[in-house]
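Reminder, nothing fancy here: chain letters follow the sequence lines and each chain counts from 1.
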Amino acid sequence: MSVRVRYAPSPTGSPHVGNIRTALFNHLFSRHHGGVNIVRIEDTDRSRYVEGCEEEIIESLQYVGVEWQEGPDVGGPSAPYRQSERKGTGLYQPIIDRLLSSGAAYWAFDTTEELSEMRDYQQINKQPIGYYGGVWRDAPSSKVEEARAAGLPGVIRLKIPRDETIVVDDAIRGRVEIASNGVDDPVLIKADGMPTYHFAAMVDDQLMGITHVFRGEEWISSAPKHVVLIKALGWEPPVFVHVPVIKGKDGSKLSKRHGDTACLDFRRAGFLTEALANFIALIGWSPGGDRELMTMDEMAGAFDIKGIQPSPGIFDIEKLSWMNGNYIRQKPIDELAPMVRDYSFCSENQAYWETKNPAVASAMRLLVGTWQKDPDLVKSAIGLEQERVTSLAEFGTACEFFFVDEVTFDPKAVEKWKGQEHVPKMLDAFLEFFSGKSSVSTSECESLLRQFQEANGFDKLGPIVHPVRVALSGKTVGPGLFEMMSVLGPERIVRRLERAKEVLA
RNA sequence: GCUCCUGUCGUCUAGCGGUUUAGGACAUCGCCCUCUCACGGCGAAGAUCGCGGGUUCGAAUCCCGUCAGGAGUACCA
């Protein structure tokens, strides 16, 4: 039997990384088995529908590199792929009729007040809270007909059997047994006629031939309801794979107060597709052994449900950053440079940093502005910063000193070299060397500084290099000085040296 | 309250009854490389495998209990 899996988000907000991780597992699993991955939009709750959300879902999926063969955007043999549209085709009706006539489901006309009173009572009496039948589960058909004729708003509920053990087979945890008496009767069809998740998802999974259902762990407690439903319909349940949740640093479920959680925020923050995908796949999944840095192909090749951890994992942004830096370093410069340019140019990314850290946003704009005038300068600068940066966003601030007209001096750096005897003399000598030149090579710069070192009796290069670095970049840290000088070029060097003479005098 | 799930270094994890003085990675610290930072290399520290009982010649690995954390408990998904 060929594998068919589905990612079934509801369009209620921008997808969370945990959610997208489930989508990634679907992708990896279907690729591993040469199966089909389906995207299905679960939009049965009209009150929670968020406009534009479907686009964000698609974008998030594309960002992490998830591919699908059937979905609302590409169509497919099981179309439509939005539950609201599926409902419109009337495909749920015959199934619900079957359930009703076999007695597996029943109409219930409780009002919201009655339901909340019931829960209060259960709460006070320390009983399990939920709907276990009320007056409708076994009501005579005449009473139901009466209520329907009177036009009372009613729902259709699934009749969970009494005194039985419901078995849920979970591919990660194994066999889970639940006493049916603790499972309440779920609503299948709401008063507005829309199906609930419990009903629509199970029916659609069946109709779409889904073989494995990957979903969040939070679904495990409603899984018994799903197996009862499926059995009542005479179907074979799919393999359930309840993937563990992702938690924040403090151990609670990942949420807004942990910082970024929406998948697309990570793109805005400057994380590479490869890094995010690799990182989230490894929260909760391990290929076994010591493998960590993996391409999508490698992950798909190694993917196995047995490698999925049953325990929840914590999202560690530090490790993500390390991975991101790793992938950035691997990029050939011809690929990296345009990537940094596009990233920095994107107004959505700039807006993101504008609220998070305006200095980063302005550095990004400066990078783009400079690119338009002198792309080679920017490319070279990116090349020099490539190995000391951990996100696309950092290139702006890291390269900033290359692009500014006037460097910002780090007071501590100035403090250290200001007034040192050899400094003014050295600056003058170099000024003279660079004046009128049109370009310099790295090796020319190196020999210039080394000659000065020897001529002036310094046994180390430090006292020469450090003040010059401060003079040219304003900072104490950065790329190799000679490479930096070559990239800056004589013209900028001269201008900066002149200004530094005053500052460091 | 009720039900279910989970529990190996701070974090992600390897481990599937003996090859384990529990391995790797991130983070931390130190050394080396070196013009600084970073990269890279080497090394240190860090888990008596939640705890308590069993089973066994032998348990992180199997069983029971216990505690802790999490999830669900909607006409939301």
Using a strict cut-off of less than 4.0 Å between a Lys/Arg side-chain nitrogen and an Asp/Glu carboxylate oxygen, indicate whether [X] and [Y] qualify as a salt bridge.
X	Y	answer
A/Lys412	A/Glu415	no
A/Asp192	A/Arg46	yes
A/Asp170	A/Arg173	yes
A/Arg40	A/Asp205	yes
A/Lys249	A/Asp316	yes

Give me the distance, rounded to whole Å, that separates [N] from [M] when you measure between the [atom1] atoms they each carry.
N	M	atom1	result
B/rU8	B/rC4	C1'	23 Å
B/rG52	B/rU61	P	13 Å
B/rG1	B/rC63	P	28 Å
B/rA14	B/rC9	C1'	13 Å
B/rA68	B/rC29	P	36 Å
B/rC67	B/rC51	P	15 Å
B/rA22	B/rG46	C1'	13 Å
B/rG24	B/rA47	P	15 Å

- request: Between A/Ile178 and A/Gln83, name the one whose nearest nucleotide on RNA chain B is closer to the 5' end.
  value: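 Nearest-nucleotide comparison on RNA chain B picks A/Ile178.
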field: Position toward the 5' end of RNA chain B (nearest nucleotide), A/Pro153 or A/Glu217
entry: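 Nearest-nucleotide comparison on RNA chain B picks A/Glu217.
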Whole angstroms only, please: what is the [atom1]-[atom2] distance between [X] and [N]?
X	N	atom1	atom2	value
A/Asp170	B/rC5	CG	P	10 Å
A/Lys225	B/rU3	NZ	P	15 Å
A/Arg215	B/rA71	CZ	C1'	13 Å
A/Lys87	B/rA77	NZ	P	14 Å
A/His242	B/rG72	NE2	P	13 Å
A/Ile124	B/rG1	CD1	P	16 Å
A/Arg175	B/rC5	CZ	P	12 Å

Which nucleotide, in any strand shown, forms a Watson-Crick or G-U wobble pair with [N], with both distances under 3.5 Å?
N	value
B/rC42	B/rG30
B/rA68	B/rU6
B/rU56	none
B/rU48	none
B/rG1	B/rU73

Does the separation of the ring centres of [X] and [Y] fall below 6.0 angstrom?
X	Y	value
A/Tyr197	A/Trp219	yes
A/Phe279	A/Phe315	yes
A/Phe458	A/Phe452	no

- request: Sugar-phosphate atoms are those with a prime plus P, OP1 and OP2; base atoms are the rest. Using that split, label each nucleotide of nucleotides 29-49 of chain B B, S or - for protein heavy atoms under 4.0 Å, 5' to 3'.
  value: ------BBBBSS---------
task: Scan nucleotides 7-15 of chain B nucleotide by nucleotide, 5' to 3', and note B when protein non-hydrogen atoms come under 4.0 Å of the base, S if they reach only the sugar-phosphate, - if neither.
output: S---SBSS-
[X] side chain: which of [options] is closest?
X	options	value
A/Leu115	B/rC5, B/rA77, B/rC75	B/rC75
A/Val187	B/rU73, B/rA77, B/rC75	B/rC75
A/Glu318	B/rA27, B/rC75, B/rA77	B/rA27

- prompt: Contact class for A/Asp110 (heavy atom, under 4.0 Å): base, sugar-phosphate, or nothing?
  reply: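 The residue A/Asp110 makes base contact.
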message: Within the 4.0 Å heavy-atom criterion, would you say A/Thr44 contacts the bases, only the backbone, or no part of the nucleic acid?
response: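 Sugar-phosphate, no base atom in range.
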message: Just by distance, no angles: are the side chains of A/Ser14 and A/Glu56 close enough, under 3.5 Å, to form a donor-acceptor pair?
response: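 Side-chain D/A pair, A/Ser14 to A/Glu56: present.
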- request: Kindly confirm or rule out a cation-pi arrangement of A/Lys143 over A/Trp136, judged by NZ or CZ under 6.0 Å from the six-membered ring centre and within 45° of its axis?
  value: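 Yes - A/Lys143 lies over the ring of A/Trp136, closer than 6.0 Å to its centre and within 45° of its axis.
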message: Check the orientation of A/Phe271 and A/Phe266. Use parallel for under 30°, tilted for 30 to 60°, and perpendicular for over 60°.
response: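 Judged by the thresholds at 30° and 60°, the geometry between A/Phe271 and A/Phe266 is tilted.
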- prompt: Do A/Arg48 and B/rC76 have a side chain to base donor-acceptor pair shorter than 3.5 Å?
  reply: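 Checked by distance alone, the answer is yes.
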query: OP1 or OP2 of B/rC75 sitting under 4.0 Å from any side-chain N/O of A/Arg119?
result: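 It does, given that an N or O in the side chain of A/Arg119 lies less than 4.0 Å from OP1 or OP2 of B/rC75.
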Check: A/Ile493 and A/Leu472 side chains under 4.5 Å, non-hydrogen atoms: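 A side-chain contact exists here, since the closest heavy-atom pair is under 4.5 Å.
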